[in-house]
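Each chain gets a letter, A, B and so on, in the order the sequences are listed, and its residues count up from 1. All heavy atoms count here, side chains included; hydrogens, waters and symmetry mates do not.
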2 protein chains.
Amino acid sequence: MTDVKTSDADRRFPCDEELRQGIELLFFAYRDFTAEPDAILAQYGFGRAHHRVIYFVGRNPGMTVSDLLGILRITKQSLSRVLGQLVGEGFITQQPGVRDRRQRLLHLTAKGVGLENLLTERQRTRFADAYRGAGTGAVEGFRTVMLGLIDAADRSRFPGRGPGGERR
Amino acid sequence: MTDVKTSDADRRFPCDEELRQGIELLFFAYRDFTAEPDAILAQYGFGRAHHRVIYFVGRNPGMTVSDLLGILRITKQSLSRVLGQLVGEGFITQQPGVRDRRQRLLHLTAKGVGLENLLTERQRTRFADAYRGAGTGAVEGFRTVMLGLIDAADRSRFPGRGPGGERR
DNA sequence: AATATATGTCAACATGACTGACGTAAAAAC
DNA sequence: GTTTTTACGTCAGTCATGTTGACATATATT
């Protein structure tokens, strides 16, 4: 295991400059990370919101509308328009849940999988390049810091390797 | 220096699961990172766009409108509305450049500094907690990966420590 | 003197978020 | 078995933030 140990001396108070660099890294990374898919989406008459829905439904097949709302943290009215378009244009299907027939379980269609791949491909490539250039130790560090930035309640969405996330 | 060396064996191809976790880490981190300031901004009748302007003007006093447009990557018409409000309500001042009198050099007023601190404070705290919990090695890794995600043209905005960023 | 640059402005439009109100079907509780 | 809660949907209106396109003005540059 890449178990770079973290001494107590390592856990000092970060200075203002470091913190602001973090803030800016996040801003620029997000800006550039979303730019390519946005350009593709525009050709379909879709926006970033559509990508998010397609992405998470692709990642969690059979998820409920509530699940999706919990991830996106938007209102059902906001989701409704976007999801409605995706269902209407045949990218996503809804089917009643078996245990609970009030639920509409969401799945990508073949067409939906195609678009998901097209969009996410760019983002995967961006991460693959960044990861490969950085090495696994850096990737571990990246993961640990990112988990620390995320609200504690949502850290459990990232199970697995490394103590960084679960602690605290 | 914290010079964790990165062997060639370390630079393997990341698997799909790792890449998707990266994508999701970025989504959740950005979502949670912006939530607190957004809530404060709403009380001022402002939005996230105002925060971005206040942040970068605070960080680069005397910057030009062009500089700001280059960072935000939005149109001047979009910026105009937001910047106009901030100037109109006394958070930002514009003064003609000395060398080039066409420029409007941007500065925060005392009121602007106050709001900037109020907003950015939350984000700094979030980063401080994440950094302290992770240790300096992890922070280095975070920085390296984030730089790799950012378009090469903008990496020079993050000078200094570590080889991770300048290479490539 | 002509051209390019830095900035601003008017107008129209799209996206994606919000609130509030109301409706329906199915599950859960009493 | 009736009531209540839950999951989901919908209509209507509003706001913030982005877009394009056209035009204006002052100052630098050629």
### side-chain N/O B/T75 vs D/dG18 OP1/OP2, d < 4.0 Å
no
### A/L72 CG to D/dC8 P, straight-line distance once rounded to whole Å
13 Å
### Task
State whether B/S80 places a side-chain N or O below 4.0 Å from either non-bridging phosphate oxygen (OP1 or OP2) of C/dG8.
no
### Message
Within the 4.0 Å heavy-atom criterion, would you say A/S66 contacts the bases, only the backbone, or no part of the nucleic acid?
### Response
sugar-phosphate
### Query
Within this structure, what is the CD-to-P distance between B/Q95 and C/dT7, rounded to whole angstrom?
13 Å
### Atom-pair distance (CG on A/L41; C1' on D/dT19), nearest Å
16 Å
### Interatomic distance where CZ belongs to A/R101 and P belongs to C/dT24 [whole Å]
18 Å
### Task
Check for a donor-acceptor pair, side chain of A/R143 on one end and backbone N or O of B/E18 on the other, with a separation under 3.5 Å.
no
### Message
Looking at the base of C/dT7, is there any donor atom on it, or on the side chain of B/R104, that sits under 3.5 Å from an acceptor on the other one?
### Response
no
### Query
Can you tell me how far P of C/dA4 sits from CG of B/D100, to the nearest Å?
17 Å
### Query
Can a donor-acceptor pair under 3.5 Å be found between the side-chain atoms of B/R102 and the base atoms of C/dT5?
yes
### Query
In whole angstroms, how far is the C1' atom of D/dA16 from the OH atom of B/Y44?
19 Å
### Summary
note: B/L69, atom CG; D/dT17, atom P; distance rounded to Å ~ 16 Å
### Distance below 4.0 Å between A/H50 side-chain N/O and C/dT15 OP1 or OP2
no
#### Entry: First of A/V98 and B/L105 reached from the 5' end of DNA chain C, by closest nucleotide
B/L105
### Message
Is a donor from one side chain sitting under 3.5 angstrom from an acceptor on the other, for B/Y44 and B/E89?
### Response
no
#### Entry: Short side-chain N/O contact from A/Q94 to OP1 or OP2 of D/dG9, under 4.0 Å
yes
### Query
DNA chain C: B/D67 or A/L79, which has the more 5' nearest nucleotide?
B/D67
### Query
Are B/R132 and A/F13 in a cation-pi setup, meaning NZ or CZ lies under 6.0 angstrom from the ring centre and within 45 degrees of the ring axis?
yes
### Query
Taking the inter-plane angle between the rings of B/Y30 and A/Y30 on a 0 to 90° scale, is it parallel (under 30°), tilted (30 to 60°) or perpendicular (over 60°)?
parallel
### Query
Hey, what's the ring geometry for A/F46 with A/H50, parallel, tilted or perpendicular (30° and 60° as the breaks)?
parallel
### Task
Answer yes or no: does a side-chain N or O of B/S78 lie under 4.0 Å from OP1 or OP2 of D/dT17?
no
### Summary
Looking only at D/dT17, C/dT9, D/dC8, the nucleotide nearest the B/R48 side chain is D/dT17
### Query
Is there a donor and acceptor pair closer than 3.5 Å between the side chain of B/R81 and the base of D/dG18?
yes
### Task
Look at the side chain of A/Q77 and the base of D/dG13, then say whether one donor and one acceptor between them are separated by less than 3.5 Å.
no
### Message
Can you identify which nucleotide, out of C/dT9, D/dG9, C/dA17, has its nearest atom closest to the B/K76 side chain?
### Response
C/dT9
